[in-house]
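As structure tokens, the structure follows; a few thoughts come after it.
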2 protein chains.
Amino acid sequence: MHYTRLSINAKQRMGNMISTHQRAEFETLFPFIRQADADFIEKFYASCRYVELPSGVSICDEGQQCSQLTLLLDGVGRVYKLSPAGREVTLYRIHAGEACVLTASCIMNQGSFPAMAVTETPVRGFTVSPDKVRNWICQEAQWQRFIFGLLSSRLASIISVVEEVAFKRIDVRLAQKFALSLARGETSLQVTHAELAADVGSSREVVSRILKDFAMRGLIETSRGQIELTDAEAIVHLSSQ
Amino acid sequence: MHYTRLSINAKQRMGNMISTHQRAEFETLFPFIRQADADFIEKFYASCRYVELPSGVSICDEGQQCSQLTLLLDGVGRVYKLSPAGREVTLYRIHAGEACVLTASCIMNQGSFPAMAVTETPVRGFTVSPDKVRNWICQEAQWQRFIFGLLSSRLASIISVVEEVAFKRIDVRLAQKFALSLARGETSLQVTHAELAADVGSSREVVSRILKDFAMRGLIETSRGQIELTDAEAIVHLSSQ
DNA sequence: GGTCCAGCGTGACATTGTCACCGACAGGAG
DNA sequence: CTCCTGTCGGTGACAATGTCACGCTGGACC
């Protein structure tokens, strides 16, 4: 799987002024800011920048220092591990109203980023520089609480990834993915076997075999780059093993 | 694998007064306390309690609320996930000078503990109540920095567990364990195949097969409950695959 | 001695990972 | 339109791992 590097062009789509519309959008997604005192709120908006990134660009590579903490207004990012042999596992996804914890973590202990991150869709957000992140932690209770929440909630979610990878069969984990889509009301997925494999940390061949089996049992119908979920009940039943 | 529940007897080995000797011991292991102001230091020692726990007792079970945060003076704790089928993976170990991050995490977001924890050796330490942990975070810069360091450093270590479980062969991971022992100067391990399996998240049979293979290749010699590391060079070489 | 049990060995089979290679399809270039 | 090229998916063979069932052994205890 290959991702475009973040280009200068993409970086240039940034503006320094935060519009009132953007502030309103931010406040609904990051309610913590409302509880801060007016002083901090102004400091915050003055210090952060609005950015837009296209889909499929690499945000942070293994071993890099993190240059910015990004708070997402829209879109989704994926953080994953890459093995020397080229296999992947996704550790977690970042949605609107969240920020990348690993960035926060490696900003806090000055370490390097222990994984890779890419945009899965076009992404909009505010970025904050590492020194601000650190300073505000010590000074602003609301900001501190926000960062803490990020760290501790991700810890639990990454632990559940360990659990899945170590204990669960791959067909069950694929069924789980499908069940999540069904829960969102989607009965048709635009996804390749290779992408599913990268998600669950397996290889394409294994995913293909299992999907073929699903298709024979009538759970799904597959075509190039697309999967129809045809038997919701059976999928949900399998996913709960 | 079965662990004794923490009994009332064990709990009663607590005292409220912290001796000057214990304070000195604490300060060498947790240097952050030295940088705090005198006011906080007194508050801290007045609020925490000294505890001793025997080896092999369960500290925290899956889904429980955490009653205390423990800062270890001595001994080692193990935090692990347990599958419905009875398999285990250890997530990390806690040594002197550290504290259980998961406890910290679930204290901070009031969640429940997403794993199990046991003492692997007799353990001594100071315990702090959840409300103190939370209050100090907001008020004491040094304490805050300490807790933050715990969270963010564990995040990276748990991610490396994901990586190992998802990508590495089990023989390589066993060799890694052995290489770590060799680095500590230990050429003889008192450990059962089942314990090794719980560590790397596999099953006893698989570990037995691989150890038999190691023995045939002259890397180790096995006897009941014990493993001699006889070919350090080959072990280190295999561990670095 | 005899009993019990934790620790370990093992064969048979299911699942998963890896490698090599293939064909099918889509989107452009000519 | 045909041809080319890269992506997508299928497949067979084999290695590694997980699971199940069972049996053996050494040591503790009566």
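Excluded from the calculations below are hydrogen atoms, water molecules and symmetry mates; all remaining heavy atoms, backbone and side chain alike, are included.
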Name every donor-acceptor pair, under 3.5 Å, that has one atom in a side chain of residues 216-228 of chain A and the other anywhere in the protein, sequence neighbours excluded.
{"unit_1": "A:R217", "atom_1": "NH1", "unit_2": "A:D213", "atom_2": "OD2", "d": "2.8"}
{"unit_1": "A:Q226", "atom_1": "OE1", "unit_2": "A:Q190", "atom_2": "NE2", "d": "3.2"}
{"unit_1": "A:Q226", "atom_1": "NE2", "unit_2": "A:S188", "atom_2": "OG", "d": "3.4"}
{"unit_1": "A:Q226", "atom_1": "NE2", "unit_2": "A:E228", "atom_2": "OE2", "d": "2.7"}
{"unit_1": "A:E228", "atom_1": "OE2", "unit_2": "A:S188", "atom_2": "OG", "d": "3.3"}

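Counting to the nearest Å, the C1' atom of D:dA15 and the CZ atom of B:R169 are 10 Å from each other. Between B:R204 atom CZ and C:dG11 atom P the separation is 14 Å, expressed in whole Å. Following rounding to the nearest Å, A:I210 (CD1) and C:dA14 (P) show an atom-to-atom distance of 16 Å. Rounded to a whole Å, the CZ atom of A:R209 is 11 Å from the P atom of C:dT18. What separates CD of A:Q241 from C1' of C:dA14 is a distance of 14 Å, to the nearest Å.
Nearest nucleotide to the A:I170 side chain, out of C:dA12, D:dG9, C:dT16: C:dT16. For B:H193, the side-chain atoms get nearest to C:dG9 when compared with the rest of D:dT11, C:dG9, C:dT10. Which of C:dT10, C:dT18, C:dG7 sits closest to the side chain of B:T192 comes down to C:dG7. Of the candidates D:dT19, C:dG9, D:dC8, D:dC8 carries the atom nearest the A:R224 side chain, counting heavy atoms from C-beta on.
Under the side chain to side chain donor-acceptor pair (under 3.5 Å) criterion, the residue pairs touching residues 202-211 of chain A are A:H193-A:S208, with sequence neighbours excluded.
Each end of the helix from C:dG1-D:dC30 to C:dG30-D:dC1 gets its own rotation axis from five pairs of C1' atoms, and the angle between them is 20° to the nearest 10 degrees.
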